[in-house]
Protein chains: 2
Amino acid sequence: MTTMRAAQRQAQAKAEYNAFLAACPSRQLLDRISDKWVVLILCALGGDAAPQGPGAPRAMRYSELARLLAGVSQKMLTQTLRSLERDGLLTRTVTPTVPVTVTYELTDLGLSLHRTAREIRYWAQAHMGEVLAHRDDYDAATS
Amino acid sequence: MTTMRAAQRQAQAKAEYNAFLAACPSRQLLDRISDKWVVLILCALGGDAAPQGPGAPRAMRYSELARLLAGVSQKMLTQTLRSLERDGLLTRTVTPTVPVTVTYELTDLGLSLHRTAREIRYWAQAHMGEVLAHRDDYDAATS
DNA sequence: GAGAGCCACTTTCCATCGGGAAGTAGGCAC
DNA sequence: GTGCCTACTTCCCGATGGAAAGTGGCTCTC
């Protein structure tokens, strides 16, 4: 076990967990990360919010995230950030300035998921037109 | 506009839609596709459920999906499939056998999202161990 | 010809969840 | 003191998801 290389361990993990099974822990994890706010937080901290295309990942303050993720309630933002911190996807740092400032930053684990989160956002933005067209067809056909 | 090539159109679409904005249609689309059942349905129809690793995409029956996505309620399965059909990600085909059979199959649009859906599932399964370890640390530190 | 069965839903009921708004804590500035 | 700042926390209520039972069309059995 201790001499197992990373690739082997990963292969075993893939065999061990299966999100199709209701009782598998990876099902709950899938449920947590399949969330609008999770995707947007990962994109924000990953640097995707820069006006001139994706920038570098960077730490952001609570209020900065709240402003960027338009429409998020403070309750959901706090709750989502806490669960991501608990799962090790980001770190929460309190700086005792006045008033106190709290910054959030992606961990390596969070960065690895950020790549996929970015793809989801890009997909939604890139294919919005096609989806809208399909919706029109569908609604016209079923009216 | 009609002479615009695909790459240009896509670039414009990226500039046109921004999921960070609450009122942007792509925000709603992101919300719909950021869903446990959507990810699992895309994975199932994409052929990821085969025992010997990912196979080819294939059409599946309603009952087959219900069996594979352990724990899904009939209501949510029907509801999710309908919204994916409306958005043009899959097709629904009714065959008037006895009893009637209904099959679902990914469209090209659905296939393009399947690649990302597969990544999310794999990420959850591959990093489950790390997340579990972080959770233990967090819970121990905050107890 | 009265059940019984099958598939794909649809409906009903209830518990949980998410959003909106208001309240809290701790410290400095006036 | 009173106000103000950030980062929450709490409360209330409407929306959402799950469990389970019902529906409809057709066929097969007794």
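Chain letters run A, B, ... following the sequence lines, proteins first, then strands; residues in each count from 1.
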[X] versus [Y], closest heavy-atom pair with distance:
X         : Y        : result
Phe20(A)  : Leu40(B) : CE2-O, 3.5 Å
Trp123(A) : Ile33(B) : CE3-CD1, 3.9 Å
Ala70(B)  : Ala22(A) : O-CB, 3.5 Å

Check your understanding: End-to-end bend of the helix from dG1(C)-dC30(D) to dC30(C)-dG1(D) (five-pair axes, 10° rounding)?
Key ->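 Taking the rotation axis at each end, their angle is 30°.
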Review point. Does a donor on one side chain sit under 3.5 Å from an acceptor on the other, for Thr78(B) and Tyr62(B)?
Key: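 Yes.
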Review point. For Arg121(B) and Gln125(B), does a side-chain donor sit closer than 3.5 Å to a side-chain acceptor?
Key: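 Yes.
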Review point. Do the non-hydrogen side-chain atoms of Met60(B) and Leu68(B) ever get within less than 4.5 Å of each other?
Key: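 Result yes, sub-4.5 Å side-chain heavy-atom pair found.
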Check your understanding: Does some side-chain heavy atom of His134(B) sit less than 4.5 Å from a side-chain heavy atom of Leu109(A)?
Key ->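 Leu109(A) vs His134(B): side chains touch.
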**Study point:** Hydrophobic cluster identity match, Val94(A) and Leu81(A), side-chain contacts under 4.5 Å
**Key:**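 Result: yes, single cluster for both.
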Exercise for review: Assign Thr97(A) to base, sugar-phosphate, or nothing according to its heavy-atom contacts below 4.0 angstrom with the strands shown.
Suggested key: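 No contact.
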Exercise for review: Could you tell me whether a side-chain N or O of Thr107(B) sits under 3.5 Å from a main-chain N or O of Gly88(B), the two making a donor and an acceptor?
Suggested key: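 Between the backbone of Gly88(B) and the side chain of Thr107(B) there is a qualifying donor-acceptor contact (under 3.5 Å).
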Check your understanding: Are Arg58(B) and Glu64(B) ion-paired here, with the side-chain N under 4.0 Å from a carboxylate O?
Key ->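 Looking at Glu64(B) together with Arg58(B), the answer is yes, because their closest N to O distance falls below 4.0 Å.
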Review point. Salt bridge or not for Lys36(A) and Asp35(B), using N-O below 4.0 Å?
Key: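 The answer is no: the pair does not qualify as a salt bridge.
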Practice item. Please list, by residue number, the residues of residues 29-40 of chain B whose heavy atoms come closer than 4.0 Å to an atom of DNA chain D; answer none if no residue qualifies. Key: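 Residues of residues 29-40 of chain B that come under 4.0 Å of DNA chain D are, in numerical order, Lys36(B), Trp37(B).
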Practice item. Tell me which residues in residues 63-80 of chain A put a heavy atom below 4.0 Å from DNA chain D, sorted by number, or none. Key: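 Result for residues 63-80 of chain A: Ser63(A), Gln74(A), Lys75(A), Thr78(A), sorted by number.
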Check your understanding: Pick the nucleotide of DNA chain C nearest each of Val98(A) and Arg92(B); which residue has the one closer to the 5' end?
Key ->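 Going by which nucleotide is closer to the 5' end, it is Arg92(B).
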Review point. Hey, does the side chain of Tyr62(A) come within less than 4.0 Å of dC5(D)'s phosphate (OP1/OP2), counting only N and O?
Key: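 No, no such contact exists.
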Practice item. Please check the phosphate of dT10(C) (OP1 and OP2 only) for any side-chain N or O of Arg82(B) closer than 4.0 Å. Key: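 Answer yes for this pair, as a side-chain N or O of Arg82(B) is under 4.0 Å from OP1 or OP2.
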Review point. Once you round it to whole Å, what is the distance between C1' of dC8(D) and CZ of Arg61(A)?
Key: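 Interatomic distance, CZ of Arg61(A) to C1' of dC8(D): 13 Å.
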Point to revise | Nucleotide of dC8(D), dC9(C), dA7(D) approaching Val102(B) most closely (side-chain heavy atoms) | key: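 Nucleotide nearest to Val102(B)'s side chain: dC9(C).
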